[in-house]
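Read through the structure below, which is laid out as structure tokens, and then see the notes.
Bear in mind the structure is a predicted one, so any value in this text is a computation, not a measurement. Position 1 is the first residue of the sequence; numbering continues from there.
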Amino acid sequence: MPVGYEPYPKKIPSANERRVIIVLPGDKIEQIRNDKNYDKFYQSIQTNDQTWLMDNLIENYQDPETISFLKKLDHENILDNGNILVQSSEDPMKYFLADKV
């Protein structure tokens, strides 16, 4: 894990706080957080409490619940950079690729 890098967030949000997941590499998440060019996008993510910017590298997380969740997504082959995942309305632990919904 890069020095000073903190995944966003370190622990998985509750199911009702992650209806949409945007999978990005950690350095891109840091760029979005800190680069003025992304201010409007980052502010919209912060004000929408149902969107989660997620690093796709499982090893960057230490929380067992988060790791388990990410492994599930990885097993379903949907944990790729750039994917936008949408939560199932029937099962809060199930996600679909946005372009397949």
With sequence neighbours excluded, residues passing side chain to side chain donor-acceptor pair (under 3.5 Å) with N83: none
task: Would you please test V20 and I84 for side chain to side chain contact (heavy atoms under 4.5 Å, CB included) and show each step?
output: CA-CA 7 Å; V20 175; I84 297 174; 4.0 Å; yes
task: Please identify each residue that fulfils side chain to side chain contact (heavy atoms under 4.5 Å, CB included) with S89, with sequence neighbours left out.
output: none
- prompt: Checking Q87 side chain against P92 main chain: does a donor-acceptor pair fall under 3.5 Å?
  reply: yes
Counterpart residues, salt bridge (Lys or Arg N to Asp or Glu O under 4.0 Å), relative to E65 (two or more places apart): K11
- prompt: Who passes side chain to side chain donor-acceptor pair (under 3.5 Å) against D80, sequence neighbours left out?
  reply: none
Donor-acceptor contact below 3.5 Å, side chain Y38 vs main chain I29: no
message: Please determine whether side chain to side chain contact (heavy atoms under 4.5 Å, CB included) holds for the pair L24 and I32, giving the CA-CA distance in whole Å, both sets of side-chain angles, and the decisive distance to 0.1 Å.
response: CA-CA 10 Å; L24 296 170; I32 289 168; 3.6 Å; yes
message: Using the side chain to side chain contact (heavy atoms under 4.5 Å, CB included) criterion, which residues pair with D91? Sequence neighbours excluded.
response: S88, M93, K94
query: Can you list every ring-ring contact (aromatic ring centres under 6.0 Å, His included) pair that touches residues 73-101, not counting sequence neighbours?
result: F69-Y95
- line: Across all chains, not counting sequence neighbours, the side chain to side chain contact (heavy atoms under 4.5 Å, CB included) partners of I58 are I67, L70, K71, D74, L79
- prompt: When rounded to the nearest 0.5 angstrom, what distance separates CG in L53 from CD in E30?
  reply: 10.5 Å
query: Among all residues two or more places apart in sequence or in another chain, which pass the side chain to side chain donor-acceptor pair (under 3.5 Å) test with D39?
result: none
task: List in chain and number order the residues that pass salt bridge (Lys or Arg N to Asp or Glu O under 4.0 Å) with K72, two or more places apart in sequence or in another chain; answer none if no residue qualifies.
output: E76
- prompt: Do you reckon Y61 sits in the same ILVMFWY cluster as L57, going by side-chain contacts under 4.5 Å, direct or chained?
  reply: no
message: Name the residue from I21, I22, T66 that meets the side-chain contact (heavy atoms from CB on, under 4.5 Å) definition with M54.
response: I21
